[in-house]
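Structure record follows, encoded as structure tokens.
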Amino acid sequence: MASKKPVNRPSVRHPSHNHPLRVFKAQNEDEIICSGCELDLTGQAFKCTKDCDYFLHKSCFDLPREINHKSHPDHPITLFYSPPYDHQSYECDACGEYGSGFTYNCSVCKYDVHVGCAFIPETVDREDHKHPLTLLYKIPCEDGKMCVCDVCEEEVSENLWTYYCKECDYGTHVRSCALDEDCEKEEEENRESSSAASRMKSLMKAQDEIAAMKLESRMKKAANNAIIYSIR
């Protein structure tokens, strides 16, 4: 009786991790967190071949190493796979929340942005407001005056980004407040009501097709190399 040959599963490398990664499909019930953006992981993704609890979205795998961002025009911001600080965490200059995974960083200015925040859309729509809201990188309040989010009625820090309608003087946090109420309720029912998940939606939609094409090309190349190696 012929013995079965071991299955050759192609693997890929990523500079954020010491071990090879392989493709897998994450399920909702797995409750896995991406090691890059620190958001819920579902669908096609990458995991460590050594089972060391390291996972990446396809879009996080393919993030550009450096970008020029409108929020920080003086310098490009560079992708770091871990916070470049001794305390191993950073505060996002877009939303004000802390992170310990990937960050876009300006080392000159100590400026940090979540990888999710870096790609949020420049305009969003809320069903309870008749105009689109535009992304601003500085609140439009006069100096010394406190700005309040028109959704949650909490203060918006003057250093953070905001979505704003100039015509109505209507503004929101860039976190989940920017979504309409129906979206918020739906996310809560699906246990996906975290502000980070909201920020990442646009990034995932915009990059999935590109990431899928790149992934398919990598996997075909790896499979061809494996076949050539086995023939030899």
Side-chain angles (χ1 to χ4, degrees), residues 14-17 33-41 45-46 54-124 132-141 147 149 151-152 154-164 171-179 187 192-208 210-211:
H14 193 268
S16 66
H17 193 61
I33 300 298
C34 175
S35 302
C37 64
E38 302 177 282
L39 307 181
D40 293 340
L41 188 65
F46 291 93
Y54 191 86
F55 306 90
L56 284 179
H57 284 108
K58 290 188 298 183
S59 53
C60 289
F61 186 97
D62 285 321
L63 285 169
R65 192 61 197 269
E66 184 177 274
I67 60 174
N68 293 300
H69 202 277
K70 292 180 180 179
S71 67
H72 197 68
D74 292 337
H75 308 112
I77 50 178
T78 303
L79 179 63
F80 279 74
Y81 301 122
S82 61
Y85 307 107
D86 292 339
H87 44 78
Q88 292 299 301
S89 66
Y90 66 92
E91 183 178 359
C92 177
D93 287 293
C95 67
E97 295 182 2
Y98 284 90
S100 58
F102 291 7
T103 177
Y104 276 109
N105 169 272
C106 172
S107 58
V108 177
C109 305
K110 300 295 187 287
Y111 182 82
D112 291 277
V113 177
H114 285 122
V115 294
C117 290
F119 297 97
I120 59 176
E122 294 192 350
T123 60
V124 296
L133 305 182
T134 301
L135 179 62
L136 300 181
Y137 303 117
K138 184 178 180 181
I139 60 172
C141 294
C147 276
C149 174
V151 175
C152 68
E154 294 183 4
E155 182 181 359
V156 181
S157 172
E158 62 180 353
N159 298 319
L160 300 181
W161 303 0
T162 184
Y163 279 111
Y164 185 68
T172 76
H173 290 102
V174 293
R175 304 191 302 253
S176 57
C177 296
L179 297 175
E187 284 188 350
E192 296 177 353
S193 59
S194 69
S195 59
S198 303
R199 295 196 308 269
M200 199 64 179
K201 280 186 176 179
S202 60
L203 172 63
M204 297 299 292
K205 288 179 181 179
Q207 293 188 336
D208 261 356
I210 297 175

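- Checked by atom type and distance alone, the side chain of His114 never pairs as donor or acceptor with a backbone atom of Gly116 at under 3.5 Å.
- Screening residues 72-96 for salt bridge (Lys or Arg N to Asp or Glu O under 4.0 Å) gives no qualifying pairs among residues at least two apart or on separate chains.
- Tyr81 has its side chain within reach of Pro15: a pair of non-hydrogen atoms, C-beta onward, lies under 4.5 Å apart.
- Judged as a side chain to side chain donor-acceptor pair (under 3.5 Å), and not counting sequence neighbours, the contacts of Ser100 are Glu38.
- Residues passing the salt bridge (charged side-chain N to carboxylate O under 4.0 Å, His left out) test with Glu155: none are found, sequence neighbours excluded.
- Put simply, CG on Asp62 and CG on Leu56 are 10.0 Å apart, with the number rounded to the nearest 0.5 Å.
- To the nearest 0.5 Å, atom CZ of residue Phe46 and atom CZ of residue Phe61 are 4.5 Å apart.
- A donor-acceptor pair is defined here as one N or O able to donate and one able to accept, closer than 3.5 Å; no such pair exists between the side chain of Thr162 and the backbone of Gly171.
- Ring-centre distance between His173 and Tyr163: not below the 6.0 Å cut-off.
- For Cys60 against Cys34, the heavy-atom pair with the smallest separation is SG-SG, 3.8 Å.
- When side chains are defined from C-beta on, Val174 counts as touching Leu135, because their heavy atoms get closer than 4.5 Å.
- With sequence neighbours excluded, no residue satisfies side chain to side chain donor-acceptor pair (under 3.5 Å) with His17.
- With no hydrogens or angles considered, a side-chain donor-acceptor pair links Tyr111 and Ser71 at under 3.5 Å.
- Between Phe119 and Leu63, the shortest heavy-atom distance links the atoms CE1-CD2, 3.7 Å.
- Using a 3.5 Å distance cut-off with no hydrogens or angles, the side chains of Ser59 and His57 do not pair a donor with an acceptor.
- Aromatic pair His69/Tyr104: ring centres not closer than 6.0 Å.
- Rounding to the nearest 0.5 angstrom, the gap separating the OG1 atom in Thr78 from the CZ atom in Arg65 is 7.5 Å.
- In this structure the side chain of Leu133 never reaches within 4.5 angstrom of the side chain of Tyr164, judged on heavy atoms.
- A search for side chain to side chain donor-acceptor pair (under 3.5 Å) contacts involving Asp112 returns Tyr85, Thr103, Asn105, not counting sequence neighbours.
- A donor-acceptor pair under 3.5 Å is absent between the side-chain atoms of Thr134 and the main chain of Thr123, judged by distance alone.
- How far NZ of Lys138 is from CG of Leu160: 12.5 Å, rounded to the nearest 0.5 Å.
- Checked against side chain to side chain donor-acceptor pair (under 3.5 Å), His72 has no partners two or more places apart in sequence or in another chain.
- Shortest non-hydrogen contact noted between Tyr90 and Pro83 is CD2-CG, 3.8 Å.
- One distance of note links SG of Cys37 with CZ of Phe102; it measures 8.5 Å at 0.5 Å rounding.
- Expressed to the nearest 0.5 Å, how far SG of Cys106 lies from CD1 of Ile77 amounts to 8.5 Å.
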